[in-house]
Structure formats: C-alpha cells, structure tokens
Amino acid sequence: MAAIKKGDRIFLVDGSSFVFRAYFQSMNQDRKYNARSDGLPTGAVRLFCVKLLQFIRDGAVGIKPTHLAIIFDKTEDTFRREIYPEYKAHRPDPPDELIPQFPLMREAVRAFGLIPVEQGGFEADDIIAAYACQAADAGAEVLIVSSDKDLMQMVRPGVTFYDFESGIKGKPGYRPERRLDRDGVIEKFGVPPEKVPDVQALIGDPTDNVPGVPGIGIKTASQLINEYGDLESLLARTAEIKQPKRRETLEQNAEAARLSKKLVTLDCNMKVDTPLEDLVVPELDAKHLLGFLKAMEFTAITKRVSDLYEVDASQVEADPRLAPDGSATADLLAGVDPDSDEKPAATASAPAKPKTKKDLDLGADLTPQGLAAQRAATAKSAKIDRAAYTIIDDAAKLERFLERAFDGGVLSIELLTSSPDPMVAEIVGIALAIAPGDAAYVPVGHRAGNDLLSGGGLAPGQLPVRDVIARLAPLLRTKGVMKIGHDLKPDITVLAQHGLDVVSFDDIQLISYVLDAGRESHGLDSLAEAHLGHTRLKHGELIGKGRDRVALDNIDITRAAAYAAEAADVTLRLWRVFKPRLTAERMTTVYETLERPLVPVLSRMERSGIAIDRAMLARLSGDFAQTMARVDDEIAELAGERFNLGSPKQLGDILFGKMQLPGGSKTATGAWSTRANVLEELAEQGHVLPERILEWRQVSKLKSTYTDALPTYVNAQSNRVHTSYALAATTTGRLSSSEPNLQNIPIRREDGRKIRKAFVAPKGHKLVSADYSQIELRLLAEIANVPTLRQAFQDGVDIHAMTASEMFGVPVKDMPSDVRRRAKAINFGIIYGISAFGLANQLAIGRDEAGAYIKKYFERFPGIRDYMDETKAFCRDHGFVATIFGRKMHYPEIKASNPSLRAFNERAAINARLQGSAADIIRRAMIRIQPALDAASLSAKMLLQVHDELVFEVPDGEVEKTLPVVKRVMEEAPLPAVALRVPLQVDARAADNWDEAH
DNA sequence: TTCTAAGCG
DNA sequence: GGTTGCCGCTTAGAAT
C-alpha cells in the first residue's frame, strides 16, 4: 500500500457516535422498517449502510475520501478507567434493540470492503487522534466524522471536524450538518483547539462522568483560560481571582480539574496496529455488498446499489451466514456476538426459529387481524402489470366491462383531468378497476396532437364523454356497487359538474388517515410503496418536466392508460388491505361518521365558492404599494443605502453589521434572526429602522399574499373564489385550505381587516358567520374535568377574568386589562402544552416569573396537571392519543431519546386531544347542517370553515330563520355520541361582508 | 428546493 | 450523543 501523502483525503469516522446516530435516527422512523422478518432489529444498521454508501460515493462537504477508517471502541477498560474508575461509570447500557446491531455494523463495514478498526484498551477517540496527527504530518487532508466534542481538540491545519445533520428538519432537536475549522472551534469553545482540553477540564462532562469544577460553565471556563493561558497557570494563580466564591471552588477542585484534563486529552503518540495506508477506499464489490444487504432484507438500499453498480440484485444470494436462518443470526437473536471468540460450541441448539409472517397459517386465523393479513397477502400476490390493462374504445366493450362491475359490486375509479383544479378540469380519461389486475382505461378527451396545426381535434379511438358518463351514471348512483378511490373529493367535484353524484363510496386516503394519522403519509404513491411494495409510474414521468412538460390531454393514450389504470388497480388492492383493518382496529364508526360523509359536504362548499370585491382589493393594493414605497424611502434614509427589505440576510447585514445593533438570536442555519420579536425588542430600545421594517413587512405580506393574489383565484365562470379543503392534511383532524388558503384571511390588525371586508355577499344576500366560543378551553374543562372551570362556563362568566381572579386574587369586577391579558396567555399556553420558556416569550417576562405563574395555575386547577401527565403516559404506552369521539392521532416520536423532540411530541399530544376533539365537533356540525336547513326549507349555502367558524351565504329574507338553525346544529353537534358536561356556545351574526359578520 | 417570515385558529 | 423551548396549518420571496 502506498504511504499517506499530500493530496490524500482521509475520513476518520467515529464508529460509536455513528452507530448511535443511526440508531436514534432509525427510532424516529417507522418501527416496521426497523426489524427483519425474524425479529432481528436492523434499523440502525440500515441507516449506517445508507450513510456509508453516501460517504464512499459522494463523500461529505464536497470532499470524496481516498481513505476511510471506521473506528470502534474495543473495550471500556482503557487507561482512563485506570486513573479514574468512575470514568463513564454512569453511562446507561445501550438500548436492547441496539445491542445485536453492534456486531452487524462491523459486518456492514466489511461488506463495503473496508476494515473496522479497533484496538484493545483504547477508545475510538485515541485511535482517531493518532491517525489524525499521522495524516496531517504527511500533508493529507483529514475529516474527523463524529459528534463527540472531545475530538474538536484535534482540529489543526489539514484537520477539520465534521458532524452530519441529526434529527428531522423543521422539528425541535434538529441540528444541521456542520464542519468546524479552527475558527469554528473558537466560536464554540471560546478558545482555539489546543486549549479545548483546558476548558473541558473546567466544565467537565456529565455524560462521561468527567468531574470538572462545579459551577463553571463554558463561558467562565473560556474566559479564565483566555486570561491565564492554560489550566496549570490558572490553578497556580487562583489567588488573583476576584470573585471569592469562584476562587474557593477552583482551589478546592484543582485536583479534579487536573484529572479531568487527563481524561479528555487525546494524544498523537498511540501506536495503532492497523496502518492508515491499509484503509484506502477499495473498488466496491457490489455483489458482496448486495449479499449482505439482502441478508438484512433492506429493500431500498439494495435497489439503489443494484442500480448504481448495474448488478441484478435478484441474481445475488443473500449472505447465508447472516440471512434469517443463518447460524450467525441465531446467535445474534440469542444475544451472542458472532465476532466473539467465546462462541458456545452448542450452536446447533440454536433457539427455535421465530415464526415469520409467511409461516403463519393464514387459513386458520379467523380473527379480524388475521383476515386483514390474508386479504393483504392476496392483494399483493398478483403482480401488477401496467401493460396488461384494457383500453376501452367502443361502447360494447364499455358495456361488458360495466356489467362485470355490477356483478362484482366493487368499482375503483381514477379520473384523468386536464387540470389539477377540479373547478376548471375537463375529463381526459376514466380508469376503472373491478378486481386486482382487472382494470381498464376509457379515453374521452385526448387531443390529436400537441402541435398548433393538428391541435384542437380529438384523437381517434375514443368514446364521447357524454355517452360514457351516461353509461357510468347508474353504477355511480347505486348502493349496490361500492365505488373506491383515493382522494375522491376532486373527482366527485368534477363529476358533479357533469350532473353526476356518487352514492356509496370508500376513500382509501381517508381510511389510511383514520388508521394511521401521524405515523404514515396517505398519498397513493407512499401507500402503494408501503402496503403493496409497488412503485407507481410517476406523475412527473407521464407529463414530462420543465420545457418538455405537456398538458395532460396531449398525453399519448397508451401511456395515460398505463398510468391511470395502474392507479385504479393499486387503489382497489389497497382497499382490500385497508377496509378490513377498519373493523379490526375498531375505527369504522370514526370513518363513517367523521370522515366519509364530509367529502360531499366539502365538495359542495368548494363548488359554491365565495364572492369577493375585486375593485376594493385593487384599491387596497394601490394603497399598500404607496405605503411600501414611502417606508422604503424612509429606511433608505435611515440606513444610508438602499437594500432589499424583503431579504432577511441583507437586513441582518445592515442591522447587526453596518449599524452594530445588538443582535439577539441566530436562526438554525447560523444567520442573524430578524424575526418580529427581535425587531420589536430593538424598536423598544428606541431604534427607528427596525420599527419601519416591521411596518413594511406587514404591508408587504398583505399585498403579496392577499390583495394581489386573491383576484387571480377568481373563477372565470362563477366569478367567485373556490378554495380547496384537505381532509387528511393535519394530524389532529383539522381541515386545511389551500389555493387560496381562506383560513388565514387577516383579522387581528386594522389594516388587514380591510381585506376581510372584500369578502362579500351578492346582492340580496348576507354572509352569516357562526363561531364556537372558546371551544378548546371548554373541552379542556371537560376532558381534564376541572370543576372550577366547568362551573365558570356553566355560569357564562368571562373565563380569562375568572382565571386571573383565581390566580392573582384580583376581583373580576374592574379587573386591570393587563392582569386579564396574562391569564389569557396562560389559558392558551395550557392548551398548547405550556412551557415556562414559551410563556415567558409570549408575555415578555422572565422565565422564573413565567414558571411561577404556571406553578400557581396548577395549584389552583389541579386537574390540569393530571390531564397533562395522563396524556403523556397514555401516549407513551400506546403511541397515540384520541379525541372524545375516538379518532386516533399518533405520536411515535413521543419516546424519542432526544429530550427536545420528546418534549415537543408531549406538548403536541396534550394539544391534540383538545384541538382534535374540537375539529371532530365542527365536522359533525358540518355534516348535519344541510339536512337541518333542508328540513327547515332554508336555502342557506355553507361556504367556508375556519376551524371554529362556519360562514354561510343566506338570502336576506331567510337570515332570521337561519341563525337559530345553524346555532342549534353547531351547539348540539357532539350529541348523541358524547354528552358534554360543559355547554358549547356559538355566536352567529349576519352582515354584508365577512369582517362585519364575524 | 430550502429557509425565513408572516398570515390565521 | 448532545439540550431545546407553546399547538395546528399555507403562502410568498430570497437564497441556494
């Protein structure tokens, strides 16, 4: 092997921290991917392999390694234990699922053609340090891959520290990847790398049981080391330290500090048995690797490797030693390390092989779960062949196919339309499936060509859309045939434009939502992947990308047929998997009362749309533009230059660079934060520019998102705006609204309210807005069963004033508005799973004060603390929480070991029971509104839902009669399923526009 | 495509 | 293995 030289790029990977990372990341993912069919946990190994492959192929931070060392700890009995028996003594044992994976990681390293490096009596850190020095001396470039900050002391010319991202982006506990050079270490520790052990000696490390000096944190430590040079000088000159307390503790703990420094110091001089030059990255032997991956039953990465290296994975045997029946894995399951020399001779008496799914006698299992598994097996069994679907191009064929659908009683439907917006979409084709593999495509709207000359005419070989719809109508309208789809609402909307209504249907997106909200996504692609192991033809591939993108009605019929019929086929197969799960998991009622009936209701609301006053919005846009220009000028004056006010980066440079204002927090990516609360703080200190920025941002938001954008959503035919509601977008059961989002129309500030005035009723009509008053707090009183709160709602008193009175001992009468405001913030905080930090932020008070408020609150309303503790405990035990109507919301990360992620999930779970129950109540109301209006012969149209509010359009003459009907239906919505002990209150008003009605 | 900020309940 | 930070969403524009 060639000696290490300049130009070599060497990755020194800290195997232990790599393994733990992979493990915790795997625990954040779905559990079902974390074990092999025989029960052997493999999640960490899988992610370990994914990362290794990435390192070998792409490297990291733009560097591709020539040498790759994966270094493991061999034993805990290192020299550190000798000098300090307590070293790492309190470290808990690794989790059970991880233990059998340690030897597998070493197998994985070998499978990639690499050598796992370890050496008795040394930690990985020691070996890494020795390698790093060697390599740097030889002029090579070294990347230390670890999350252990002990290794940061090794940073020097040629050596940088790299830690890849951890956690899940956008969630608490997430850390982006980072690469530290000398400056980076200085930023982190306040001292250069060579002084890091001195600083660590003072602060200690509780996880490794390194004592340090009590009461000294990173700030004090780096300040002291910078002042005195190093630990020994500091300890020699403690007399000079001014703070008596600090001097005393330093003197008392001098020996502990010296010991700590010995424990954390890494040195270059260890003799490593494995020469660094042996660790050159070899040509990858894909077959060998695939043998390992197949033995582990990793599907995705197996496919990736076979694609990348053009090896047919099906021709490769799973490594027999590690495959589920292999002797090595039997040992792993029995807790024996196959690498160990102490392997018992009696391998022959390996434990009985655990039953795999395939071993189960499905025919004998008549439990609902068993039946579900059986159905799943049949749905999977027949192979999906895209080319085998029928194209129906004449009436007789269609007739025969539909007859068979009548006989079968099941019809899966997928519409191909010319636009994703169902309000303008034309039907291009209809795919139908009646049994797995038995699907057909009926083209009706394909165009003859996509060039200008031939464009316009229909392609040959299609049936007239009207005829097809006429023949389809009896099937759609009969209860005798179950119609099945995935996300049926848009299709129902399109069909409704043709005068067709769909009676008796199932929507597998909604079934999936009912069963798996919070733990799986509900898109057709991911469902097909997860439950059928099938990858669907991509929509992007069908219509092309960028410049080559074509309109859907210009797609070739054969290709469209393959795509759409496959969707219908997959949908039908998924229905056979999912439908039995509904009964097996006792979720049928939830699905049939809260989900399915809402589909036609929402479709109808979307089709109704709402009228807006475009002239009013245009005027507002003009006003806002003027304001923005004026503020822009003022800011240019204040800053001394013009810059893009919309760029947080440029603004940060001006505020914290040029103007040297005190910067507060940084964002996740390390940029200065210029969020509203940061700017507000600066404004309070008397700085004018931040205040102007806030004004500009507010106006800019109103203009771009509302006054400019809303008119572009007006439908040319109806002259109204039609939003789209998603039923399965939130974990809690709330709806979401998009294109445009009509659930976030401004109301809180005067400027914004003007936009709400542009939502109007047409002549002769009024808008009626009806909203639940304090519904989530009422549900808190109900679910947590807090007598004081329940009584307050029964008495109809001001709930925030009552809370303030209880907590601060102030009488409700003539209560200062600020006291009430605080109580209100606490009440909302409780709903959100309160933290002292969050409340302090909200009220701009100290954390101690906020903590005291919370304590007081829990004393006054003891049921609330119990509610929170119970919710967390239940969620930990079951992985989900439920609404008062039984809808489940899953939080698999509630057990995450990352404290911030875990706490986040606990708060979410606490909030979910309330938010979700409220969502269920308004869903029940929405489903009942139309029948109630019909019964009263009223013609009001329900237009919008905004979480706790419904908006109707009502003829002037019917307003008086409509208000009480709406109010009654909403207030009685929980009945008869649930009789609340707290009254619900709905306020309803009518006006010419939404602002005044609300 | 990702990040940051801002709108709502 | 290191420490965050009040729940649920969608949209727009800049930066990458």
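Note on naming: letters A, B, ... go to the chains in the order of the sequence lines (proteins, then strands), and numbering restarts at 1 for each one. When reading the values below, keep in mind they use all heavy atoms of this one structure, side chains included, and skip hydrogens, waters and symmetry mates.
Taking side-chain N and O atoms only, A/S897 has no distance below 4.0 Å to OP1 or OP2 of C/dG2. Distances shorter than 4.0 Å separate none of the side-chain N or O atoms of A/T705 from OP1 or OP2 on C/dA12. Remark: A/S736 is not in phosphate contact with C/dG8, judged by side-chain N or O atoms under 4.0 Å from OP1 or OP2. Between B/dA5 and A/T674, a contact under 4.0 Å exists linking OP1 or OP2 to a side-chain N or O. A close approach under 4.0 Å does not occur between any side-chain nitrogen or oxygen of A/N744 and OP1 or OP2 of C/dC9.
At a threshold of 4.0 angstrom between heavy atoms, the contacts of A/S147 are confined to the sugar-phosphate backbone, with no base atom among them. Using a 4.0 Å heavy-atom cutoff across all strands shown, A/D148 reaches sugar-phosphate atoms only and no base atom. Counting non-hydrogen atoms under 4.0 angstrom, A/G833 reaches nothing in the nucleic acid. A/I831 comes within contact range of no nucleotide atom at all, as no heavy-atom separation falls under 4.0 Å. Among the protein residues, A/S700 comes within range of no part of the nucleic acid, since none of its heavy atoms lies under 4.0 Å from any strand. Within 4.0 Å of A/A709, counting heavy atoms only, lie sugar-phosphate atoms of the nucleic acid but no base atom. Residue contacts shown for A/I830 are absent, as no nucleic acid heavy atom lies under 4.0 Å away. A/E776 comes within 4.0 angstrom of no nucleic acid atom, judged by non-hydrogen atoms across all strands. Across all strands, A/N898 comes closer than 4.0 Å to base atoms (heavy-atom distances). Within 4.0 Å (heavy atoms only), A/Y706 reaches sugar-phosphate atoms of the nucleic acid but no base atom. When heavy atoms are screened at a 4.0 angstrom cut-off, A/A903 is found touching no nucleic acid atom at all. Heavy atoms of A/R697 sit under 4.0 angstrom from primed sugar atoms or phosphate atoms, though from no base atom.
A salt bridge is defined here as a Lys NZ or Arg NE, NH1 or NH2 lying under 4.0 Å from an Asp or Glu carboxylate O, and A/R923 with A/E595 meets this definition. Between A/D126 and A/R80, at least one side-chain nitrogen of the basic residue sits less than 4.0 Å from a carboxylate oxygen of the acidic one, meeting the salt-bridge criterion. Salt-bridge check for A/K88 with A/E123: passed, with a basic side-chain N closer than 4.0 Å to an acidic carboxylate O. Residues A/E776 and A/R734 are paired through a salt bridge, judged by an N-O separation under 4.0 Å between the basic side chain and the carboxylate. Salt-bridge check for A/R675 with A/E680: failed, with every basic side-chain N at 4.0 Å or more from each acidic carboxylate O.
When distances run from any side-chain atom of A/S835 to the nucleotides B/dA5, C/dC6, C/dA14, the shortest one goes to C/dC6. When distances run from any side-chain atom of A/S738 to the nucleotides C/dG1, C/dT10, B/dA6, the shortest one goes to C/dT10. For A/E739, the listed nucleotide lying nearest its side chain is C/dT11; candidates were C/dC6, C/dT11, C/dT3. Relative to the side chain of A/F904, the nucleotides C/dG8, C/dG5, C/dA14 differ in distance, and C/dG8 lies closest. The side chain of A/P746 lies closest to B/dC8 when the candidates are B/dC8, C/dG8, B/dA5. Counting only heavy atoms from C-beta on, A/Q698 has its side chain closest to B/dG7 among B/dG7, B/dC8, C/dG5.
Not a single donor-acceptor pair, N or O on each side, falls under 3.5 Å between the base of B/dC8 and the side chain of A/Q743. On a pure distance criterion of 3.5 Å, no polar donor-acceptor pair joins the side chain of A/R749 and the base of B/dG7. Residue-to-nucleotide contacts include no donor-acceptor pair under 3.5 Å from the side chain of A/S16 to the base of C/dG1. For C/dT11, its base sits under 3.5 Å from the side chain of A/K701 at one donor and acceptor pair at least. Scanning atom types as modelled, one donor and one acceptor separated by under 3.5 angstrom connect the side chain of A/R734 and the base of B/dG9.
Using atom P as the reference point in both C/dT4 and B/dA6, the two lie 23 Å apart (nearest Å). With both ends at atom C1', the span from B/dC3 to C/dC6 equals 22 Å, rounded to whole Å. Only the P atoms considered, C/dG5 is 13 Å distant from B/dT4, to the nearest whole Å.
In this structure, the CG atom of A/N905 is 8 Å from the P atom of C/dG8, given to the nearest Å. For the pair A/K88 NZ and C/dG2 P, the interatomic distance rounds to 9 Å; values are reported in whole Å. Atom C1' of nucleotide C/dC9 and atom OH of A/Y513 are separated by 11 Å, given to the nearest angstrom. Look at CZ on A/F18: it is 18 Å from C1' on C/dG2, rounded to the nearest Å. Taking atom NZ of A/K649 as the reference point, atom P of B/dA5 lies 14 Å away to the nearest angstrom. Straight-line distance from the CG atom of A/L780 to the C1' atom of C/dC6: 14 Å, rounded to whole Å. When rounded to the nearest whole Å, the span between CD of A/E949 and C1' of B/dG9 equals 9 Å. Atom-to-atom, CG of A/N841 to C1' of C/dC7 comes out at 15 Å; the value is rounded to the nearest Å.
Centre separation under 5.5 Å together with a plane angle under 30° holds for the ring of A/Y832 and the six-membered base ring of C/dC7, marking them as stacked. In this structure, A/F20 does not count as stacked on the base of C/dG1 under the 5.5 Å centre distance and 30° plane angle limits.
Paired with A/Q200 under the rule side-chain hydrogen bond (donor to acceptor under 3.5 Å, both in side chains), one option of A/D205, A/D150, A/D208 passes, and it is A/D150. Under the salt bridge (Lys or Arg N to Asp or Glu O under 4.0 Å) rule, A/D995 has a single partner from A/R989, A/R756, A/R753, which is A/R753.
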Next on the checklist: What verdict does the side-chain hydrogen bond (donor to acceptor under 3.5 Å, both in side chains) test give for A/T883 and A/D920, after you've listed the backbone C-alpha separation in whole Å, the side-chain angles of each residue and the deciding distance to 0.1 Å?
Outcome noted: CA-CA 8 Å; A/T883 66; A/D920 288 352; 2.6 Å; yes
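A donor atom on one side chain and an acceptor atom on the other are not found under 3.5 Å apart for A/Q509 and A/Y513. No side-chain donor from either of A/D653 and A/Q650 sits under 3.5 Å from a side-chain acceptor of the other.
Residues from residues 911-921 of chain A with heavy atoms under 4.0 angstrom of DNA chain C, sorted by number: A/N911, A/Q915.
Between the side chain of A/R913 and the backbone N or O of A/I884 there is no donor-acceptor pair closer than 3.5 Å.
Along DNA chain C, the nucleotide closest to A/S704 and the one closest to A/N741 are compared, and the more 5′ of them pairs with A/N741. Ranked by how close their nearest DNA chain C nucleotide is to the 5' end, A/A908 and A/K188 are led by A/K188.
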